[in-house]
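Since this is a predicted model, take the numbers as computed values, not measurements. In what follows, chains carry the letters A, B, and so on, assigned in the order in which the sequence lines appear, proteins first and then strands, with residues in each chain numbered from 1.
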Amino acid sequence: TQLLEQSPQFLSIQEGENLTVYCNSSSVFSSLQWYRQEPGEGPVLLVTVVTGGEVKKLKRLTFQFGDARKDSSLHITAAQPGDTGLYLCAGENFNKFYFGSGTKLNVKP
Amino acid sequence: NAGVTQTPKFQVLKTGQSMTLQCAQDMNHEYMSWYRQDPGMGLRLIHYSVGAGITDQGEVPNGYNVSRSTTEDFPLRLLSAAPSQTSVYFCASSYTRDSPYEQYFGPGTRLTVT
């Protein structure tokens, strides 16, 4: 099993604050993905990172893949209530995906 | 496009019963997969398929069977349901021509085994 550990598990912040979610593993992955999941729905892909050291930005969200392709981070600037949800990272090797246990984010107005 | 559809949305089974969870996609995706999501454990891969006629095991395949006779459909069969299979099941699909994969998930099936 290729384990992915996410931290923190829970995060409750005020609107306008910044936050960072971490996804760490001892395994190297070909690619790493971040998803957001709303209650009662399937995960929705936010971004895929492939190259070690890669940084991708999606509006207020910044994603980084570690140089060794073992870890990743998601940084949200000026969080909004609409960012509330479960954030999942997933590493891929040889057609198989391994998910972290998720970070539940609550952004209070 | 309907995307990835799953039926049923909810199901209650008694221990020992069998059933099939249906998954279909209309995006002509080669890659399809099944996951289960349990509280505090994220999603775990059960089985996957890289194309019609090809299936392989994921992380937690025991107690589940799959087949892929068409590109569109990827049913998951529970042969003899057990309470440990109570979970939310998600089907996903993506192209394999493009790397890396971009998975599209269905809405899920919530299964309870009593």
Side-chain angles (χ1 to χ4, degrees), chain A residues 1-10 21-25 27-52 54 56 58 63 65 69 72 74 85-105, chain B residues 2-7 9-10 21 23 25 27 29-51 54-62 68 74 87-110:
Chain A
T1 300
Q2 300 180 16
L3 214 57
L4 276 163
E5 295 189 359
Q6 283 187 241
S7 62
Q9 276 188 291
F10 302 96
V21 176
Y22 298 94
C23 177
N24 296 303
S25 176
S27 301
V28 176
F29 292 102
S30 298
S31 66
L32 196 136
Q33 300 180 328
W34 285 93
Y35 293 82
R36 194 174 95 182
Q37 186 178 21
E38 306 274 359
E41 298 180 9
V44 175
L45 181 67
L46 296 173
V47 79
T48 302
V49 284
V50 179
T51 307
E54 183 176 2
K56 279 193 175 178
L58 189 68
F63 305 85
F65 202 9
R69 306 208 322 272
S72 180
L74 156 60
L86 178 67
Y87 288 82
L88 297 159
C89 65
E92 181 268 324
N93 273 326
F94 307 109
N95 298 320
K96 293 185 179 181
F97 288 85
Y98 303 88
F99 278 78
S101 55
T103 294
K104 192 170 278 192
L105 172 65
Chain B
V4 179
T5 58
Q6 290 184 239
T7 55
K9 196 154 178 63
F10 300 95
L21 278 62
C23 174
Q25 52 90 11
M27 298 174 282
H29 285 168
E30 298 100 332
Y31 184 92
M32 296 186 74
S33 53
W34 275 102
Y35 295 87
R36 59 179 288 173
Q37 185 173 31
D38 301 301
M41 296 194 72
L43 281 81
R44 290 182 291 169
L45 182 65
I46 304 171
H47 286 285
Y48 67 97
S49 168
V50 297
I54 306 168
T55 63
D56 208 342
Q57 295 182 348
E59 222 180 325
V60 288
N62 292 342
R68 184 95 180 268
F74 191 43
S87 189
V88 181
Y89 291 85
F90 289 100
C91 179
S93 73
S94 72
Y95 288 112
T96 54
R97 286 193 299 273
D98 302 321
S99 178
Y101 308 116
E102 298 198 354
Q103 294 195 99
Y104 294 83
F105 281 82
T109 293
R110 188 174 291 273

**Q** Of the backbone (N, CA, C, O) and the side chain (C-beta and beyond), which part of B/Tyr104 lies under 4.5 Å from a heavy atom of chain A, both, or neither?
**A** neither
**Q** Relative to each other, are the rings of B/Phe105 and A/Phe99 parallel, tilted or perpendicular (30° and 60° limits)?
**A** perpendicular
**Q** As an exercise: rank A/Asn95, A/Leu88, A/Leu45 by heavy-atom pairs under 4.5 Å with chain B and give me the winner.
**A** A/Asn95
**Q** Which region of B/Gln6, side chain (C-beta onward) or backbone (N, CA, C, O), has a non-hydrogen atom less than 4.5 Å from a non-hydrogen atom of chain A, or is it both or neither?
**A** neither
**Q** Is it true that A/Tyr35 and A/Gln33 share a donor-acceptor pair across their side chains at a distance under 3.5 Å?
**A**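 Side chains of A/Gln33 and A/Tyr35: pair found under 3.5 Å.
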**Q** Between A/Gln37 and chain B, which part of the residue has a heavy atom less than 4.5 Å away: side chain, backbone, both or neither?
**A** side chain
**Q** Any salt bridge linking B/Asp38 with B/Arg44? Criterion: basic side-chain nitrogen under 4.0 Å from a carboxylate oxygen.
**A** yes
**Q** With a 4.5 Å limit on heavy-atom distance, are the side chains of A/Glu92 and A/Phe29 in contact?
**A**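 A/Glu92 vs A/Phe29: side chains apart.
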